[in-house]
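Please see the structure below; I have some questions.
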There are 2 protein chains.
Amino acid sequence: MKKHKDLIALLRHNQQRITPARRFLLQFFIDNPAKRLSLPEIQAHLQDKLPGINRSSIYRNLEMLKQLSVIQELGVPGQGKRYQFVFEQQVHHFIICKACGKVVKGNRNLFEKVEKALKEIHDFQKANLSVTFYGFCSKCQAVEAG
Amino acid sequence: MKKHKDLIALLRHNQQRITPARRFLLQFFIDNPAKRLSLPEIQAHLQDKLPGINRSSIYRNLEMLKQLSVIQELGVPGQGKRYQFVFEQQVHHFIICKACGKVVKGNRNLFEKVEKALKEIHDFQKANLSVTFYGFCSKCQAVEAG
DNA sequence: CCATATAATGCAACATGATGCAATTAAAAC
DNA sequence: GTTTTAATTGCATCATGTTGCATTATATGG
């Protein structure tokens, strides 16, 4: 409940109106903080609460939440785009294996090293979200070599 | 000419057949090594050489070249996907400003730091391509703060 | 050079995402 | 509570990618 209120406040603070669609969407992310949700999943859920809700409204609201760094969008190869709740969560990067598709959460140490390098070398800041690395995990490196 | 032959060899080595579409596509990338090409640009060019060439063939060939690390795909906000030649080029990351959309090539130092961190911390390798950072460049940081 | 196996293409249909505009609804002002 | 006004929504349409399948073309082996 607290997070819901905080998020409503965040939206208001950014001159965003509070609509039923937005309430349900926020709650859905709050209730699934660990999941990487696909659009069909989100749409199916909202359809329950608000029959007839339009695809484009969902896309527009996801875009808005992305802008406010409430959610993060990530492209999982072969699975389309996914959306994950990141508001007041421990921030991290994602690392995706190009061979087996495994998604790993980068740890704090990696995050800080990358952050520091971006700041020091290119004077880029707040590059904390929406970063996804693609490579080969240790298991698939072995397979590739063999 | 040399690069063209090298690339043809690379394709053959990976059990890929050499078709007219692939030759023209490769040559187009060779001739525009610095450009971040959009699909419409690529399609328009190929249309000249091979009238009636189909969208899906281009997509499939771009996907194949991505797999072979001949090209890199990057999503520029507000401009859709772009494709850049990276074969035998100096490898680097891209840094994109979320505010002004400016695309910056990350330098060698950044690349090595990130590479090292990924290897040491998560045992991920060859994570050299397809990495795009989104953040705020120094100019837009100032604007945001003001 | 010709026959064969199989990969690439074109095509049609579908999936996903974006956009302009009229109708609706949230918020603010009275 | 009613009115006002501006943002959000739904809808239609378009743009961009993806996929299954029949057709075509490349590579290979005789």
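Please read all numbers here as calculations on a predicted model, not as lab measurements. Numbers restart at 1 for each chain; the letters A, B, ... are given by sequence-line order, proteins then strands.
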Between dT24(C) (P) and I18(A) (CD1): distance, integer Å: 23 Å

Sidechain-backbone polar pair: E120(B) side chain, L118(B) backbone, donor-acceptor under 3.5 Å: no

Closest-nucleotide 5' rank along DNA chain D - winner of E63(B) and P20(B): E63(B)

Whole-Å distance separating the CD atom of E41(A) from the C1' atom of dT16(C): 15 Å

Whether H93(B) and F111(B) hold their rings parallel, tilted or perpendicular, with breakpoints at 30° and 60°: tilted

Side-chain N or O of N54(B) closer than 4.0 Å to phosphate OP1/OP2 of dA8(C): no

Whole-Å distance separating the CG atom of L11(A) from the C1' atom of dT8(D): 12 Å

5'-most by nearest nucleotide on DNA chain C - R17(B) or A21(B): R17(B)

Ionic contact status for E112(B) with R108(B), cut-off 4.0 Å: yes

Distance in angstrom units between K81(A) NZ and dG17(C) P, rounded: 6 Å

Side-chain N or O of S57(A) closer than 4.0 Å to phosphate OP1/OP2 of dG10(D): yes

Under-4.0 Å side-chain N/O to phosphate OP1/OP2 contact, Y59(B) with dT18(D): no

Interatomic distance where CZ belongs to F24(A) and C1' belongs to dT8(D) [whole Å]: 16 Å

From Q27(A) atom CD to K3(A) atom NZ, the distance as rounded to the nearest 0.5 Å: 11.0 Å

Under-4.0 Å side-chain N/O to phosphate OP1/OP2 contact, Q16(A) with dT8(D): yes

Side chain R60(B) and base dG17(D) donor-acceptor under 3.5 Å: no

Lys/Arg-Asp/Glu bridge criterion (N-O < 4.0 Å) met for E63(A), K66(A): yes

Closest nucleotide among dG10(D), dT16(C), dT16(D) to the P40(A) side chain: dT16(C)

Separation of atom CZ in R23(B) from atom C1' in dA25(D), rounded to whole Å: 14 Å

Any R12(B) side-chain nitrogen or oxygen under 4.0 Å from OP1 or OP2 of dA27(D): yes

Sugar-phosphate only, base, or nothing, as touched by R22(B) at under 4.0 Å among non-hydrogen atoms: sugar-phosphate

Length of the line joining L25(A):CG and dT9(D):P, which is rounded to integer Å: 10 Å

T19(A) side chain near dT9(D) phosphate (N/O to OP1/OP2, under 4.0 Å): yes

d(CD, Q15(B); C1', dA5(C)) in whole Å: 15 Å

